[in-house]
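Accompanying notes for the structure given below.
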Amino acid sequence: MNTFFITTPIYYANGEPHLGHAYTTTVADVLARYHRLMGHDVLFLTGMDEHGQKVELAARERNTSPQDFVDQMALAFRALWERLGISHDDFIRTTEGRHQHVVTEALQRVYDAGEIYSSDYEGWYSVYEEQFFTEKDLVDGKDPIGGREVVQLSEKNYFFKMSAYQEWLIDHIVAHPEFIQPVTRRNEILGFLRQPLGDLCISRPKARVAWGIPLPFDQDYVTYVWFDALLNYVTAAGYLSNEKAYSRWWPASCHLIGKDILTTHCVYWPTMLKAMGLPLPETIMAHGYWLVDAEKMGKSRGNAVEPLDLVESHGVDAFRYYLVREMTVGQDSTFTVESFQARYNGELANDLGNLVNRSIVMAERYVGGRLPVVDPLHPDLDPLRLRAEETASTIAQALPAYDTVAIVEAILSLVREANRFIEAKEPWALAKDETRRSDLETVIYGLGETLRQLALWLAPIMPEKSHAIWNQIGCEGDVANARKDALVWGGLPGGQSVRKMDPLFPKVDLEESATEESTEQTEEQGMAEESTTISFDEFQKLDLRVAIVKTAEKVEGADRLLKLQIDLGSEERQLVAGVAQHYEAESLVGRRIVVVANLEPATIRGVESQGMLLAASADGQLGLLAPDSDLPAGARVS
RNA sequence: GGCGGUGUAGCUCAGCUGGUUAGAGCAGUGGAAUCAUAAUCCAUGUGUCGGGGGUUCGAAUCCCUCCACCGCUACCA
């Protein structure tokens with residue numbers, strides 16, 4: 001039997017789950033469910049990464065033990081997976097005995113093979129990032145990632161000879177185009193591997209970090225993140241514990257990850273496996289980020305919407321549907337209420353929900369609620385049958401390509417075909433003509449069978465709603481348990497009674513359900529650590545310039561605004577500044593100021609402002625920023 | 001700076017190894033129908049396929065170049 005072993009990353013237990021986690025896990029769930037539908041033997045794994053200093057610190061802050069803390073976090077994640085209808089087969093935690101055993105044993109083997117050595121390491125260490133930095137990495141004496149304190153530290157650590165595997169890894173990636181997907185990420189890794197590859201530090205001294213798995217060959221150290229976390233994939237497969245399971249599941253079919261942990265999965269993990277003498281996973285699929293546009297999340301109404309809130313307002317299935325429908329796996333996408341509502345109203349409520357509703361109503365009204373027994377291959381049903389077969393073949397191609405968007409579109413095309421079919425056949429007209437009774441029955445049967453097909457194909461994406469469809473056409477059992485043979489056209493026997501239910505996707509008034517306020521702008525939600533700092537690139541987007549004030553006057557009808565004409569060197573600009581309560585207009589003329597030159601123009605009190613003057617303020621005091629010397633107008637600030 | 005990617009209708013995007021009048025969904029406009037969650041169906045686009053050059057009988061699709069944006073990476077800050 002075909003096996004399909006899919007994993008999500010194990011999520012780090014130092015923060016609450018968010019959209020990024022939800023997306024990865026939902027896509028993995030949808031893929032797992034499709035493979036089950038196709039009759040494959042599936043192992044779907046997710047879990048938690050629970051060791052490390054950040055967990056230790058978080059636990060201390062809450063006055064609890066690390067184990068208590070991670071237990072709570074694991075509960076929070078499990079609760080979300082339950083809410084989202086995730087059908088994982090295993091939930092692994094790195095604090096479990098089965099995993100500690102594998103890590104210990106694997107380390108000992110690699111050590112015995114001479115692939116691990118110890119060495120002194122000296123550098124600047126950030127407690128927060130749990131990382132060393134070289135002198136030149138530092139930015140203003142702070143760590144380059146979060147700008148936090150660093151301390152000089154020299155310590156012995158253990159290293160894995162990762163560098164020895166560089167050529168082998170390149171060869172493997174080149175020889176296996178499916179290994180890293182999408183191709184842009186593959187190129188990235190190949191680019192990364194053109195530089196010399198270093199060795200991998202795999203330890204932390206217990207004196208500094210106690211919360212981890214001790215190195216078997218040196219009890220003064222614990223295992224550092226990668227040689228711990230990544231091994232979860234083989235632990236869960238049964239490595240070193242269940243030979244039968246292991247040989248069945250390993251190597252994994254797919255590690256689904258976010259693009260933020262590409263290197264660890266595409267470089268560290270393969271070399272680790274190689275050193276252990278284990279085969280590599282077939283595919284590492286890196287998806288993109290959801291950009292959450294707070295502006296478009298209802299902020300204009302003063303009440304922003306958190307993506308996960310939509311689960312409560314519109315239901316889990318609509319949320320799952322949106323995730324796999326809107327984002328092409330591998331690319332970034334923007335999460336907005338507008339697009340969510342457009343999908344919900346247009347595709348789910350109008351096209352699909354209404355199709356189900358009108359079909360069931362017609363079955364009740366025109367044929368007494370009992371689905372007729374009709375030859376599924378009746379020529380009148382050809383449009384539906386052919387379209388259903390097309391849907392099936394499209395999905396069969398899209399599934400191995402991880403193309404969730406194509407899967408959804410294939411299903412929607414069947415929905416639209418059915419709506420078109422109804423218009424063409426006009427069952428309401430047939431119902432008025434006794435002589436056309438059999439035509440009518442054929443039509444009703446065709447709709448019933450199409451709904452059955454839809455329920456089956458939608459089940460992996462929308463488990464609850466698809467089951468509701470399944471029930472309404474009188475099918476028994478759980479649609480989630482259906483397998484490939486059920487997908488053959490004509491599986492509806494006929495003769496069973498329809499059971500009308502409430503509309504599947506009622507229109508929702510979001511204004512009432514939106515409550516939480518949010519001040520966030522666009523925020524990236526991957527699995528990367530959130531950071532309040534900005535990158536240098538982001539800073540560079542600002543075009544700050546020195547300007548000289550030519551004229552200044554008060555803006556009519558505004559007591560805080562001044563209208564300034566400024567000399568930017570290459571051009572003159574007009575801008576509006578809210579400094580009238582601190583500066584007389586005349587006193588500014590001739591002064592050098594600093595402005596944001598590439599700010600989008602705005603009209604304030606009817607006056608256009610082509611930029612923004614910079615000033616600092618505190619406790620009601622205000623001071624203009626100005627260069628220390630008589631620089632020319634237009635000088636760039638950086 | 002190096003490597004890679006993207007740029008196709010108002011919006012979101014399909015268009016594989018070059019080949020009939022460049023497509024889908026949404027939005028817009030006009031119409032039909034009434035079983036249905038005012039839900040559906042039909043019709044409707046003069047799109048410089050980012051600009052320029054080239055290869056070819058023929059290019060959105062291949063090559064070169066330029067521009068814009070994005071990612072990785074280096075360096076500067």
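The base of B:C35 lies close enough to the side chain of A:E423 for a donor and an acceptor atom to sit less than 3.5 Å apart.
When side chains are defined from C-beta on, A:I469 does not count as touching A:C475, because their heavy atoms never get closer than 4.5 Å. Between A:S466 and A:W457, the closest side-chain pair of non-hydrogen atoms is not below 4.5 Å. Between A:H21 and A:H18, the closest side-chain pair of non-hydrogen atoms falls below 4.5 Å.
In this entry B:A59 has no Watson-Crick or G-U wobble partner, no candidate having both defining distances under 3.5 Å. A 3.5 Å limit on both hydrogen-bonding distances identifies B:C70 as the Watson-Crick or G-U partner of B:G4. Base pairing annotation: B:A38 forms no Watson-Crick or G-U wobble pair, as no partner gives both donor-acceptor distances under 3.5 Å. Look at B:G23: its Watson-Crick or wobble partner, with both distances under 3.5 angstrom, is B:C13. Under the Watson-Crick or G-U wobble criterion, with both distances below 3.5 Å, B:U44 is paired with B:G28.
Spacing between B:A9 and B:U48 at atom C1', rounded to whole Å, works out to 13 Å. Rounded to a whole angstrom, the distance from the C1' atom of B:A43 to that of B:A33 is 15 Å.
Distance CZ/A:F160 to OG1/A:T271: 4.0 Å, rounded to 0.5 Å. A distance of 8.0 Å separates OH in A:Y366 from CD1 in A:I444, rounded to the nearest 0.5 Å.
Under 4.0 angstrom from either OP1 or OP2 of B:U12 there lies no side-chain N or O belonging to A:R343. A close approach under 4.0 Å does occur between a side-chain nitrogen or oxygen of A:R420 and OP1 or OP2 of B:C42. Remark: A:Q331 is in phosphate contact with B:A14, judged by side-chain N or O atoms under 4.0 Å from OP1 or OP2. Between A:K507 and B:A38 there is no side-chain N or O to OP1 or OP2 distance below 4.0 Å.
If you measure from atom CZ of A:R325 to atom P of B:A14, you get 12 Å, rounded to the nearest angstrom. In this entry the distance linking NZ of A:K425 with P of B:C35 reads 19 Å, nearest Å. For the pair A:Q195 CD and B:G2 P, the interatomic distance rounds to 14 Å; values are reported in whole Å. Between A:N350 atom CG and B:C35 atom P there is a gap of 18 Å when expressed in whole angstrom units. Straight-line distance from the CD atom of A:Q472 to the C1' atom of B:U37: 12 Å, rounded to whole Å. One atom, CG of A:N345, and another, P of B:U40, lie 10 Å apart when rounded to the nearest Å. One can place CD1 of A:I360 at 16 Å from C1' of B:A39, the figure rounded to the nearest angstrom. B:C42 atom C1' lies 15 Å from atom CZ of A:R416, rounded to whole Å.
Residue contacts for A:D502: at a heavy-atom cut-off of 4.0 Å it reaches no nucleic acid atom on any strand shown. A:A349 comes within 4.0 angstrom of a nucleotide base, judged by non-hydrogen atoms across all strands. Within the 4.0 angstrom heavy-atom criterion, no nucleotide atom of any strand lies near A:G191.
Relative to the side chain of A:N354, the nucleotides B:G71, B:A36, B:G25 differ in distance, and B:A36 lies closest.
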